[in-house]
Peer 1: 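Before I ask anything, let me first share the structure, which is written out below as structure tokens.
Just so it is clear, the values below take in all heavy atoms, side chains as well, and ignore hydrogens, waters and symmetry mates.
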Amino acid sequence: QPHLKESGGGWVRPGGSLTLSCIVPDTIFNFSVMKWYRSAPGKMRELVATSTLDGTTDYLDSVKGRFTISRDNVKSTAYLQMNDLSPDDTAAYYCVADLGTLGDAWGQGTQVTVSS
């Protein structure tokens, strides 16, 4: 079974916005580097965004300036705010908690479809 749970995906028109949420177990959230991946048919899996334990963020070049990763330590939830979406952003998005030597915890994925 998935260790994490993503939500917030759906259909949106080009130029629209969506915010994805990822509920993380309290016991691991504060020890995890949070990441968002995406996977689309015919394409390699891409690392979209990363939020490290020291607050540093990093983004895939194609989403810089449009996507923002954040985390709420009270709610043990990570977010991916996506603005100015295009059809190229269509994919299944996955939340990952990177626990270092303990391994990675993945969610079940949430589908984002951008079309007219």
Side-chain angles (χ1 to χ4, degrees):
Q1 64 178 357
H3 296 94
L4 314 178
K5 184 169 180 61
E6 306 100 333
S7 63
W11 173 85
V12 65
R13 298 182 186 276
S17 299
L18 286 173
T19 299
L20 307 182
S21 299
C22 175
I23 300 174
V24 184
D26 294 345
T27 53
I28 69 171
F29 183 75
N30 291 332
F31 303 95
S32 302
V33 172
M34 298 305 305
K35 302 176 180 178
W36 287 92
Y37 284 87
R38 68 185 182 187
S39 180
K43 298 181 180 179
M44 296 181 62
R45 185 180 66 196
E46 297 179 308
L47 175 60
V48 177
T50 302
S51 179
T52 66
L53 292 171
D54 66 2
T56 302
T57 58
D58 191 45
Y59 299 91
L60 181 69
D61 284 345
S62 62
V63 310
K64 287 181 179 178
R66 300 188 298 118
F67 289 15
T68 302
I69 185 172
S70 62
R71 55 197 297 167
D72 186 325
N73 293 332
V74 175
K75 297 181 179 180
S76 294
T77 302
Y79 302 93
L80 184 67
Q81 180 183 326
M82 305 182 294
N83 299 324
D84 194 24
L85 287 162
S86 75
D88 289 340
D89 297 314
T90 296
Y93 284 73
Y94 297 87
C95 180
V96 179
D98 183 350
L99 294 163
T101 57
L102 295 178
D104 297 340
W106 287 69
Q108 82 286 349
T110 184
Q111 179 67 36
V112 172
T113 301
V114 185
S115 70
S116 298

Peer 1: Hey, what do you get for CG (D26) to OG1 (T77), rounding to the nearest 0.5 Å?
Peer 2: 8.5 Å

Peer 1: Please name the pair of heavy atoms, one in S115 and one in W11, separated by the smallest distance, quoted to 0.1 Å.
Peer 2: OG-NE1, 2.9 Å

Peer 1: Between CE of M34 and OG1 of T57, what distance do you get to the nearest 0.5 Å?
Peer 2: 14.0 Å

Peer 1: Between S70 and S51, is any pair of side-chain heavy atoms under 4.5 Å apart?
Peer 2: no

Peer 1: Taking L53 as the starting point, is it possible to reach F29 by hopping between hydrophobic residues whose side chains are less than 4.5 Å apart?
Peer 2: no

Peer 1: Are V12 and W36 co-members of a hydrophobic cluster defined by side-chain heavy atoms under 4.5 Å apart?
Peer 2: yes

Peer 1: Quick one: CG on D58 to CG on L47, what's the gap to the nearest 0.5 Å?
Peer 2: 7.5 Å

Peer 1: Rounded to the nearest 0.5 Å, how far apart are OG1 of T68 and CG of L80?
Peer 2: 8.0 Å

Peer 1: Going hydrophobic residue to hydrophobic residue with side-chain gaps under 4.5 angstrom, can you get from V63 over to L18?
Peer 2: yes

Peer 1: Where do N83 and S17 come nearest, in terms of heavy atoms and distance?
Peer 2: OD1-OG, 3.0 Å

Peer 1: Does the side chain of V24 reach to within under 4.5 Å of the side chain of R71, using non-hydrogen atoms?
Peer 2: no

Peer 1: Between L4 and P25, which heavy-atom pair has the shortest distance, and what is it?
Peer 2: CD2-CD, 3.6 Å

Peer 1: Verify the cluster assignment for M82 and V48: are they in a single hydrophobic cluster under the rule of side-chain heavy atoms below 4.5 Å apart?
Peer 2: yes

Peer 1: Testing the basics here: between A91 and S39, what is the closest heavy-atom pair and its distance to 0.1 Å?
Peer 2: CB-O, 3.4 Å

Peer 1: For the residue pair S86 / D88, report whether a side-chain donor-acceptor contact shorter than 3.5 Å exists.
Peer 2: no

Peer 1: Determine, step by step, whether D104 and K35 satisfy the salt bridge (charged side-chain N to carboxylate O under 4.0 Å, His left out) criterion, reporting the C-alpha distance in whole Å, the side-chain angles of both residues, the deciding distance to 0.1 Å, and the verdict.
Peer 2: CA-CA 10 Å; D104 297 340; K35 302 176 180 178; 5.6 Å; no

Peer 1: Taking S32 for its side chain and I28 for its backbone only, find out whether a donor-acceptor pair lies under 3.5 Å.
Peer 2: yes

Peer 1: Please report the shortest heavy-atom distance between Y94 and G107, naming the atom on each side.
Peer 2: CD2-O, 3.7 Å

Peer 1: At what distance, to the nearest 0.5 angstrom, does CZ of F31 lie from CG of D98?
Peer 2: 14.5 Å

Peer 1: Under 3.5 Å, is there a donor-acceptor pair between the side chain of Y59 and the main chain of I69?
Peer 2: yes

Peer 1: Considering non-hydrogen atoms only, spot the tightest contact between R66 and L85 and give its length.
Peer 2: NH1-CA, 3.9 Å

Peer 1: Ignoring hydrogens and angles, tell me if any N or O in the side chain of E6 forms a donor-acceptor pair with the backbone of C95 under 3.5 Å.
Peer 2: yes

Peer 1: Are the side chain of T90 and the backbone of V114 linked by a donor-acceptor contact shorter than 3.5 Å?
Peer 2: yes

Peer 1: Distance check, rounded to the nearest 0.5 Å: L60 atom CG versus R38 atom CZ?
Peer 2: 6.0 Å

Peer 1: Under 4.5 Å between side-chain heavy atoms, counting indirect links through other Ile/Leu/Val/Met/Phe/Trp/Tyr residues: same cluster for V96 and L20 or not?
Peer 2: no

